[in-house]
Amino acid sequence: MALILSGRDAAVSFKNKIKAKVQKRIDDGKNAPHLAAILVGDNPASSAYVRGKVRDCKEVGFKSTLIHLKDDVREEELIQNIQRLNSNTEIDGYIVQLPLPDGINEKEILLSIDPMKDVDGFHPENLGRMALGLETFIPATPYGILLLLEYYGIETTGKNAVVVGRSHIVGSPMSILLSSNIEFGNATVTLAHSRTKNLKELTKNADILIAAVGKHFFIDKNFIKDGAVVIDVGINRVSGKLHGDVDFDSVKNIVSAISPVPGGVGLMTRVGLLMNTLQASDGRD
Ligand code: GUN
């Protein structure tokens, strides 16, 4: 039976470490880290994610502020809210929950975020710094995946890794990080996407497979190499139930390790955000 890469267990361990660091800040007379989130509209998935993030803050002793704007908010008004957060010295870092409603230019929004407070790591300056191996905020999902690999001691150096999905939030930064000269990097990485030919041939050669496609059960046993480590980033709601991009039952007897959905990467994304917020507050001391 495969090793289950439990985001639940790993998240508890990392959150305890974060809690201890927050306590140390307080003991040293410093502020608790303060995360703000801007939520536009009432997309149920986005609302659930943001509320989860607010709960996490409470759990580890961070302050949090939720700014909830109507889904017909004008772009200028959203940018004004962002500028207020940029200049608010009480806020260490903040996120603008994506996706944004039609009519709002996401690129303009991301560009208006102060890179020093961009704890999602989505600003081009931070993504550029990440690509160059400079200190930055690593986007929360790839960061959480690296932490999951670290928690379970999964070796990546010299391995063939295939990332399926090239989103700016997950697939693209994940491919850069796994190929970087960092701990839990140094893999030989293939970034596959919707135009990739012979996908199965590539994934069949993957020691590590990261599925970030956004299609439920897209990956089954026919895509998997014996003994592969599979990280399932998908969170797809089908008939009220959450499913990953990987057909867990189909692959569970072939893989050596797999992250479940739910209970896997989603919880680690939230840890990645907490780590970035702690880093932001330490950086502002
Ligand atoms: N939407 C889906 N994932 C994310 C994330 O990590 N950050 C933000 N801001 N929006 C998202």
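Keep in mind it's a predicted model, so treat the numbers as computed, not measured. Atoms within each ligand, like the ligands themselves, are counted from 1 in listed order.
Judged as a ring pair (Phe, Tyr, Trp, His ring centres under 6.0 Å), and not counting sequence neighbours, the contacts of Phe217 are His243.
Within the model, atoms NZ of Lys63 and OG1 of Thr277 stand 13.5 Å from one another, a figure rounded to the nearest 0.5 Å.
Salt-bridge formation is not detected for the pair Asp282/Lys30: no Lys NZ or Arg NE/NH1/NH2 atom is positioned less than 4.0 Å from an Asp or Glu carboxylate oxygen.
Protein residues with a heavy atom closer than 4.0 Å to ligand 1 are Val96, Gln97, Leu98, Asp120, Phe122, listed by chain and number.
Under the 3.5 Å distance criterion, with hydrogens and angles disregarded, a donor-acceptor pair is assigned to the side chains of Asp42 and His68.
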Result block: side-chain N/O donor-acceptor pairs under 3.5 angstrom for residues 255-264, not counting sequence neighbours:
| residue | atom | partner | partner atom | Å |
| --- | --- | --- | --- | --- |
| Ser256 | OG | Gly227 | O | 2.8 |
| Ser256 | OG | Ala228 | O | 3.3 |
| Ser259 | OG | Asp232 | N | 2.9 |

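Sorted by first and then second residue, the ring-ring contact (aromatic ring centres under 6.0 Å, His included) pairs involving residues 38-67 (not counting sequence neighbours) form an empty list.
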